[in-house]
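Everything below concerns the one structure shown next.
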Amino acid sequence: MDRYNFKLVEEKWQKFWEKNQTFKSGADKNKKKFYCLEMFPYPSGKIHMGHVRNYTIGDVLARYKKLQGFNVLHPMGWDSFGMPAENAARENNLDPKDWTEKNISTMKTQLKKLGLSIDWDREISTCSPDYYKHQQNFFLELFDKGLVYRKENYVNWDPIDQTVLANEQVIDGKGWRSGAQVERKKLSQWFFNISKFSEQLLDGLNNLSEWPNKVKVMQKNWIGKSYGCEIDFKIEGDLPIKNIKCYTTRPDTLFGFSFLALSVDHPLSKYFEKNPEFQNFKSECSKTGTTEESIAQAEKIGFKTNLQAINPIDPKMKVPVYFANFVLMDYGFGAVFGCPAHDQRDFEFAKKYKLNIKTVVRPEDQSDDYLVKNAAFEENGVMINSSFLNGLKTPGEAIEKSIDYLTKNNLGKKKINFRLKDWGISRQRYWGCPIPIAYDKSGNIVKVPRKMLPIKLPEKINLNTKGNPLDHQKKWKEIKINGEICILDTDTLDTFVDSSWYFLRFCSPSENEYGFDSEDIKYWMPVDQYIGGVEHAILHLLYSRFFMQALAFKNSNFIPTEPFKGLFTQGMVCHETYKDENNNWLSPDEVFSEDGKNFFENKNKQKKVIVGPSESMSKSKKNTIDPERIISQYGADSVRLFILSDSPPEKDVQWSDQGMIASYKFVQKFWLLHQKIIEHINKKDIDGEDNELTIYTNKLIEKFTQSLEKFNLNVIIAYLHETYNFLNKEINKTKINNLKDNYLKILTLMFPLLPHLVSECINGLKISDKIKWPSVEKKYLEEKFVNIVIQINGKKKSLIKIEKDLEDKQLIESIKKDTKISSILNNKGIFKHIIVKNKLVNLIIK
RNA sequence: GCCCUCGUGGUGAAAUUGGUAGACACAAAGGACUUAAAAUCCUUGCCCUUUUGGGAGUGCCAGUUCGAGUCUGGCCGAGGGCACCA
C-alpha cells in the first residue's frame, strides 16, 4: 500500500484547479448565487494562524455551497493602506509600496498553498490607484450629497514627533514612540455624516437575523439612542448670553436641580478666555487627553463662574454655573443640568463643591421624608418635593408629565438623542488614499474634477520628516484646477474607508468608470456570509452599513440594503506563552519538554522556562506558529482539519502540536482505508445490497449537513472520525454492490474539509460526472427497531431494542418482561407511566 | 458601575433544544503484536463491590417537572463590550 504523499497530491490538484479555473465565479446570472466573503487581510508580511482559521472556515462554506449548485463568489483582496507599511518603511528606509507589494506576493503564494477556492481573477488591493480612484469619486459623491463636511476636532497630538496619534498609540497618556506627554489639539478635519443615519443603522439591526446577537448589542449600545428632553435655562449674570440649552433624560428630577455644568469647549467659554484661572483649569482638563481610558480615570473637577441658572420649572430656584471636566461638547449641547440626588456623577461633584443635594425621588417602599445620603438614588421610584409631580411614578408618568409641562410653557421639548458621533476620516499620514480636495489662494474648498482622478500618491518620498509627509511635497501639492493653482489637501483617508465598500468592488473588480456595476451589485449583493474577527464588531461593520446608506442617499438606482446578510465571528488561535529567567519572551521553537509539564530552553537545557497562560498568538509575545512551516511539514489538508477540529469556530482554539499530528495521522490513515475500499470495490464478487452501510450513509448525510449549516465544524469532524471508524471496521463485511455509491457520497461530504485528499480519492473511483452534495433518502432513515430507554421514577434503569411504533399497552407489557425491570418492579404496582414515543418510558412506582 | 456571553472528566469538547450525560479527539495508565523500539490495535477512566452490580455526578443553593447540562430565581467564578452620554 502507498503512503499518502501530500506534497505531490496537493500540488497536483492546486495546479489542476488553477488550470481549469475551477473557482471562477459563473457569469450566468440566472443561477442562484452565494457570496461568501472573509475579511480581507492586511498584508503585514506572512500569513498567520488566524488567517488560516478564518479562510479555512470560509473555504469550507464556499466549497459546500458550490457542491449544492450555487454560483459562488469567493474573492480575496488586500487591505493594503495603513500605518504598519509607513512605519516599516521608515525604519528600514524602504518604500511603503514596495514593502506592501512584496508582502502581498508572499502571502498570496501562502494562501494558494492552503488550497483555498478563491477566484483570484477578482483580486483587488486598496492601495492601487485603480481601486482608490473610485473611492475618491465616492468622496466627491458624498460631498455633493452633503454627507461630507469639514470641522475642527480634537486629536491626540505628539509634540515631539509633531504628529497625530491614534488612540492605541497613546500609552498612559504618552506617545508610544517619543514618550512625550500627549496633548489635545484642534485640527480641521473631514467628517462623514454617519450620525444622520443613526435611526436607520439602529433599525437595520432588527433585520439581521443571521448576525450574532453579541455584535448587534454592541452596535446598538454604540449608536446609543436615548429618549429625553431639551431644556432652555435662563442665565443671570453680566454676560450677553442669556440662555443655555441642555439635554436630559431625567426632566422629572428638575426640582432637584443644584448646578449647571458646561464643557470647557462650550461657546460660553470664550468670555473666560482671558481669565488666567480658567486657562489653568482648561489646560488641566486638556492634559487628560482624549482617550476614553484617561477621561474615565480623571477626578471630577469644576470651575465656578459668577453666573446663575434659573430653574425653568421653579423660577425662584437659582443655582451656580460651573465648567466641568466631565461634560463633553459633542454630546447633547455640551451642558448638563446637575441633580446630585439622582445621578452618581452629579452627586460626587456636589459633594466636592458642597452644593445642595435635594431628594426628589424616593424608593417605593420608603416614606416621603426619605433622604439621599451616601450615594445617588438612580432606581425607579415615586416623586417627592416636586410640586405638581408629587406622588407620580418615575420614570414613566413623571417624565411624561414634566415634558408636557415644559412643552406647554415653551421651556423645552421632547428630544431623541444619539451617542453615535460623526466619523472623522482625515489622517495626517502618507500611506492612504489622498483626499480629492484642494484649496484656492483664499483657502476655499475646491473639488478636484472627476476627470483628474485619481489623485495618485507621490512615490519614493522621504518619510523621515516631522509631521505629515505629504505636507513636504511641494510639487505634488500644487494642482491646477480650472486654470488656477490650488493646494491639495495633504491628509489621507482613514483606512476604514477603504474597507467600507470593498465587498462592492469584488462584484465588478475591473469596472473602470465607476466603483461597481449596478447590474453586478443587484445579482451578487448582499454578502450571504461574512466571516471575520469579532474585533471589527463595531467600526468596520458599522461603517460598511453606513456606506450602503450613503450610496443610496438621494440615488434612486441604489436601494439601501444591509451589506452583510449573515455574519460569523470566529475565535482566535491561542498558544501557551514562554519566558526565560530574565523575563524575555521565548518562542515555542526555543523551548522543549519531555513530560509536557517542565519546560527548558533549547539552547541551554539546564535553564528552566516559565510557562505562562495561553493567549492569542502574537509576534510581541512570540507565541506564534508559522503556518508555512506547518503546511510544508504536514500538508494543507491536515492543517485545515486541525484548525477546525478542536473547538467550535466561534470560540478560541488552543494550538496543540499533538492535535496537529493527530490530524496528519488521520489523513494518512484515511488514505490507507481508501486503498482498501478501492480493492474491495474491484473484487465485484459479493452480491446483494448492504442496508447497514446505506443507512449509515444517509444518517450521516443528514446530521453532517445540519451541523455544517449551523457552522458546527468541530462536530462534522467528529462525524468524520466516526465514519472512518465505522468503515474501517465494517469494510470487510460489506457487500459491495452499493459500496461505491455510498463511498462517493461520504467522500463528497468530506470534500470541503480535505479538498486535495478527497479529489485524489474520487479520482481513484474513476467517476466522470461532477460530484454533487448528496441528499438524504428518507426511506433509509426509517428503522423497524428502536432503542427505548426505561426509567423508573425518572432514573434510567434499562435499555431495550424493540419494534417501532408499538401500542402503549404492548410496550408496557414488553418492558415488564425485561429482566432488570421485573426484578426492580418485583410485583409492585405501576402508579403511572410516561411514554415518549419510540424513545423512552418512565414508570412511576411507589 | 452598566450591558452581553459562558461555567460539563486530566484536556479540547458533544448532547437531536426538557428525555441514555461525556459522542469524537488529545493526554495518561494497563495490555496485545514485536527479539526490542517505533508504528498500530484493544481496554480502563469518580466512589463502593473480587465480580455480577450499585451509587454519586454537568460551578454552588433553591424551585418548576414523571424527568433538568438544558427552564426559573438567587449566589459564586471567568471572558468580552461600553463608560463621566447628562
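Computed over heavy atoms, backbone and side chain alike; hydrogens, waters and symmetry mates excluded. Since the structure is predicted, the reported quantities are computational estimates derived from the model, not experimental observations. Order of the sequence lines fixes the chain letters, A, B, ..., with proteins taken first and strands second; residue numbering starts at 1 for each chain.
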Considering only side-chain heavy atoms of Val327(A), which listed nucleotide, A86(B), G12(B), C66(B), is closest?
A86(B)
From the set C66(B), A86(B), C3(B), return the single nucleotide nearest to any side-chain atom of Asn221(A).
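Among the listed nucleotides, the one closest to the side chain of Asn221(A) is C3(B).
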Mark up nucleotides 20-27 of chain B, 5' to 3', with B wherever a protein heavy atom is under 4.0 angstrom from a base atom, S wherever such an atom reaches only the sugar-phosphate, and - elsewhere.
BS-BSSSS
The criterion is ring pair (Phe, Tyr, Trp, His ring centres under 6.0 Å); which residues satisfy it with Tyr724(A), sequence neighbours excluded?
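Expected list: Phe666(A).
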With rounding to the nearest 0.5 Å, note down the distance linking CG in Asn698(A) to NZ in Lys778(A).
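Interatomic distance, Asn698(A) CG to Lys778(A) NZ, rounded to 0.5 Å: 10.0 Å.
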Would you tell me if any nitrogen or oxygen in the side chain of [X] comes within less than 4.0 Å of OP1 or OP2 on [N]?
X         : N      : result
Lys797(A) : G55(B) : yes
Tyr331(A) : A86(B) : yes
Lys651(A) : C6(B)  : no
Arg419(A) : C82(B) : no
Thr248(A) : A86(B) : no

With Asp657(A), which residues qualify under side-chain hydrogen bond (donor to acceptor under 3.5 Å, both in side chains), at least two apart?
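Per chain and number, Asp657(A) pairs via side-chain hydrogen bond (donor to acceptor under 3.5 Å, both in side chains) with Trp655(A).
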Residues in side-chain hydrogen bond (donor to acceptor under 3.5 Å, both in side chains) contact with Tyr664(A), at least two apart in sequence or another chain
Gln668(A)
Let me check something: any side-chain donor-acceptor pairs from residues 334-346 of chain A under 3.5 Å, sequence neighbours excluded? List them with distances.
| from | atom 1 | to | atom 2 | distance (Å) |
| --- | --- | --- | --- | --- |
| His342(A) | ND1 | Phe377(A) | O | 2.8 |
| His342(A) | NE2 | Val360(A) | N | 3.0 |
| His342(A) | NE2 | Val361(A) | N | 3.1 |
| Asp343(A) | OD1 | Arg345(A) | N | 2.9 |
| Asp343(A) | OD1 | Asp346(A) | N | 3.1 |
| Asp343(A) | OD2 | Arg345(A) | NH2 | 3.3 |
| Gln344(A) | OE1 | Ala376(A) | N | 2.9 |
| Gln344(A) | NE2 | Glu348(A) | OE2 | 3.4 |
| Asp346(A) | OD2 | Cys339(A) | N | 3.0 |

Whether the side chain of Lys300(A) and the base of C84(B) hold a donor-acceptor pair under 3.5 Å is what I'd like checked.
yes
Base partner of [N], which must satisfy Watson-Crick or wobble distances under 3.5 Å:
N      : value
U72(B) : A62(B)
U11(B) : A25(B)
U5(B)  : A78(B)

Toward the 5' end of RNA chain B, by each residue's nearest nucleotide, Arg345(A) or Lys839(A)
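With Lys839(A) and Arg345(A) compared, the 5'-side residue is Lys839(A).
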So which one's nearest nucleotide on RNA chain B is more toward 5', Asp652(A) or Val217(A)?
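This one resolves to Val217(A).
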For a quick test of your reading: what N or O donor-acceptor pairs under 3.5 Å do the side chains of residues 706-720 of chain A make, sequence neighbours left out?
| from | atom 1 | to | atom 2 | distance (Å) |
| --- | --- | --- | --- | --- |
| Ser707(A) | OG | Lys703(A) | O | 3.1 |
| Glu709(A) | OE2 | Tyr64(A) | OH | 2.6 |

